[in-house]
Amino acid sequence: MKKKVMVGMSGGIDSSVTAYMLQEEGYEVEGVYLKLHNRTDGYHERNLGYIKDVAEFLGIKYHVLDLSDEFTQKVYDYFVDSYLEGSTPNPCVKCNRQIKFGAMLKFAKEHGASYLATGHYAKTDGKFFYEADDKTKDQSYFLSQVEKEALPFMMFPLSTHKKEEIIKFGEKLDKAYKRITEKNESQEICFVDTVYTDIIKKHANIDMPGKVLDEQGNVVGEHKGYMHYTIGKRRGFTVHGAHEPHFVTKLNPKDNTIVVGKKESLEINNVEIENLNMFIEDKEFDCTVKLRYRSKSTPCHVKIEKDKGYITLEEPAFGVAAGQLAVFYKDEKVLGSGWIKNAK
C-alpha cells in the first residue's frame, strides 16, 4: 500500500512542484491549504484557484484548513505586540512551530498521512535540520524552533534543488504550473503587503514624535515615533550637529524615546537567549550562530544553564535585536535555537 503524504499547498510554485515530485516517487498525495487570515481582497480565492488547477492535473484531492483564529492569536498578535513593546519579532518562526508543523501536522496525521511535506528549502533526516543546497533560499533558520518530535514526519523534496530549476521545471510541466510561475512571488511575511508599519498603525498611533537621546541620556534630536525604528536603523530621525552616521541602539516604549550612537555602539560580544529549542543534549559547546536570517554565521561558545543560553561571540556582531532568533549551526546542521533576550 502506498504511503500517504499530506502536502502543505500555498498556491505557489514550490509547494505545487513538491506535490508533483512526491506523486512521481509513488506516494499517495493529498494537499492542504491553510487559511491563516480573514483577508477580503480575493487573496484566498486566487491561491485556491491555482491549487484547484494543480490538483486536477495531478488527480489529487485537497483540503482547506481554517486556522485563522489560531494564527491571529499565536502569530499576528505576537507580531503587533512585539513592535509595541519595542522588540523585533520573527512571525515566520512562530508560524512554523505552532501552525505549519504544529496544527497542520496534527491535521495530516488525523487524515492518515505518514508524512507532511512542504516547499521549504531545507533538509531533515528525522533528527536534525540541515541547510538546503540552495543557500540563497535556505530556510533552516526559520525551522529551528519546530519541536523535535515533529521532525520524523517532515519531508522537504526541494532540499537539493535551486529555485530557478523549480521555476523552469514548472513552466514546462503543465499550463496549471506555468500560470503559477507567471504570478508575483509571495512576500516574505504573508500578512504584510508593503512595510510592517502598515500593520502596526491599524492597532496603535505610531506617529508620535519623540526625543532622540545619546548614550548618556542627553537629548540630541527628534524622531517620528519609536515604532518606526528597529535596532541598527540609521535614517528617519535627526541628530543635531552630527558629522558621522548614527544608528538606533535602543527603543524605550514607555517614554517614546530612542537611543542612538555611532556604529561601534552596535557592537555586541555577548548574547542571552531564552525559550530554547535544542536538538542536542550538550550544555556547553562551540559552534557558529546566526543572530538574524541574513547575517553570516559567527563562531561562538554556548553555555546553557536552566532555561537560558549564554553566547560568547568570537568576533563582534552588529545590530543584534531583542526578539530575534539565535540559531546554532555545526557546519550545515542545526543544533538548536533560542530567542534573543539581551545583547551587550
Side-chain angles (χ1 to χ4, degrees), residues 2 4-68 71 91-92 95-96 99-101 104 107-108 111 113 115-122 132-139 142-143 154-195 198:
K2 288 183 182 178
K4 186 195 280 192
V5 180
M6 190 74 75
V7 178
M9 297 181 74
S10 64
I13 194 63
D14 293 330
S15 56
S16 300
V17 170
T18 292
Y20 173 83
M21 285 179 166
L22 289 168
Q23 191 179 62
E24 285 293 292
E25 284 181 34
Y27 290 100
E28 179 192 346
V29 174
E30 285 184 16
V32 55
Y33 175 74
L34 296 184
K35 190 179 178 194
L36 298 181
H37 18 68
N38 297 312
R39 289 173 63 158
T40 56
D41 59 356
Y43 173 85
H44 296 302
E45 291 77 7
R46 284 192 297 275
N47 289 338
L48 286 166
Y50 293 119
I51 291 168
K52 180 173 177 286
D53 290 348
V54 168
E56 283 178 3
F57 170 69
L58 297 175
I60 64 171
K61 70 176 183 177
Y62 65 93
H63 311 263
V64 177
L65 179 57
D66 189 341
L67 295 172
S68 49
F71 182 84
C92 300
C95 185
N96 282 332
I99 305 296
K100 289 179 180 168
F101 301 104
M104 182 165 68
F107 177 86
H111 284 75
Y115 299 101
L116 172 64
T118 66
H120 282 85
Y121 286 83
D133 286 358
D134 186 346
K135 300 298 183 241
T136 65
K137 291 292 177 184
D138 173 60
Q139 291 167 293
F142 296 110
L143 294 165
M154 294 163 64
M155 294 177 80
F156 304 121
L158 305 188
S159 63
T160 58
H161 296 274
K162 281 195 158 29
K163 176 81 177 193
E164 308 88 79
E165 292 171 24
I166 299 303
I167 293 170
K168 284 179 187 169
F169 181 75
E171 283 173 340
K172 295 174 184 170
L173 189 56
D174 180 74
K175 64 178 186 292
Y177 282 80
K178 191 172 192 313
R179 208 160 68 88
I180 296 172
T181 65
E182 291 165 352
K183 69 171 181 156
N184 291 332
E185 270 281 281
S186 59
Q187 61 269 35
E188 196 166 294
I189 300 173
C190 60
F191 55 87
V192 177
D193 286 324
T194 48
V195 290
D198 288 345

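Because only heavy atoms are used, hydrogens play no part in the values below, and waters and symmetry mates are left out as well, while side chains stay in.
More than 12 non-hydrogen atoms from other residues, nucleotides or ligands lie less than 6.0 angstrom from CZ of F57. Around atom NZ of K183, more than 12 heavy atoms belonging to other residues, nucleotides or ligands sit under 6.0 Å away.
In this structure, CG in N96 is found 7.5 Å from CE in M154, a value given to the nearest 0.5 Å. A distance of 6.5 Å separates NZ in K100 from SG in C92, rounded to the nearest 0.5 Å. From I180, atom CD1 reaches atom CG of N47 across 9.5 Å, with rounding to the nearest 0.5 Å. Separation of atoms CG (L173) and CG (L58) is listed at 7.5 Å; rounding is to 0.5 Å. In this structure, CG in L22 is found 9.5 Å from CD1 in I60, a value given to the nearest 0.5 Å.
By the salt bridge (Lys or Arg N to Asp or Glu O under 4.0 Å) test, R46 pairs with no residue at all, sequence neighbours left out. E182 meets the salt bridge (Lys or Arg N to Asp or Glu O under 4.0 Å) test with K178; sequence neighbours excluded. Applying the salt bridge (Lys or Arg N to Asp or Glu O under 4.0 Å) rule to K172 yields no partners; only residues at least two apart in sequence or on another chain are considered. Residues that satisfy the salt bridge (Lys or Arg N to Asp or Glu O under 4.0 Å) test with D138, not counting sequence neighbours, are absent from this structure.
Sorted by first and then second residue, the side-chain hydrogen bond (donor to acceptor under 3.5 Å, both in side chains) pairs with a member in residues 7-22 read S10-S15, D14-Y121, D14-K163; sequence neighbours excluded. Listed by first and then second residue, the side-chain hydrogen bond (donor to acceptor under 3.5 Å, both in side chains) pairs that reach into residues 55-65 are E30-H63, K52-E56, sequence neighbours excluded.
Although no hydrogens or angles enter the test, the distance criterion places no donor-acceptor pair under 3.5 Å between the side chain of H120 and the main chain of S159.
Nearest heavy-atom pair across Y33 and M9 is CD1-O, 3.2 Å. The two residues V17 and G170 have their closest heavy-atom pair at CG2-CA, 4.5 Å. Across Q23 and V29, no two heavy atoms sit closer than the pair N-CG2, 3.7 Å.
With contacts defined as side-chain heavy-atom distances shorter than 4.5 Å, the pair I166/M21 qualifies. A 4.5 Å side-chain heavy-atom check between H111 and L65 finds every atom pair outside the cut-off. Two residues are said to be in side-chain contact when any heavy atoms from C-beta on lie closer than 4.5 Å; D134 and E164 meet this criterion. L116 has its side chain out of reach of F107: every pair of non-hydrogen atoms, C-beta onward, lies at least 4.5 Å apart.
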Which is it for F101 and T118 under the side-chain contact (heavy atoms from CB on, under 4.5 Å) test, yes or no, and what are the steps along the way? CA-CA 10 Å; F101 301 104; T118 66; 3.7 Å; yes
Please lay out, stage by stage, how F156 and Q139 fare under the test side-chain contact (heavy atoms from CB on, under 4.5 Å). CA-CA 11 Å; F156 304 121; Q139 291 167 293; over 6 Å; no
Working note: L34 + F71, criterion side-chain contact (heavy atoms from CB on, under 4.5 Å); need CA distance, chi angles, decisive distance, verdict. CA-CA 10 Å; L34 296 184; F71 182 84; over 6 Å; no
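Aromatic rings from H161 and F169 are positioned such that their centres are separated by 6.0 Å or more.
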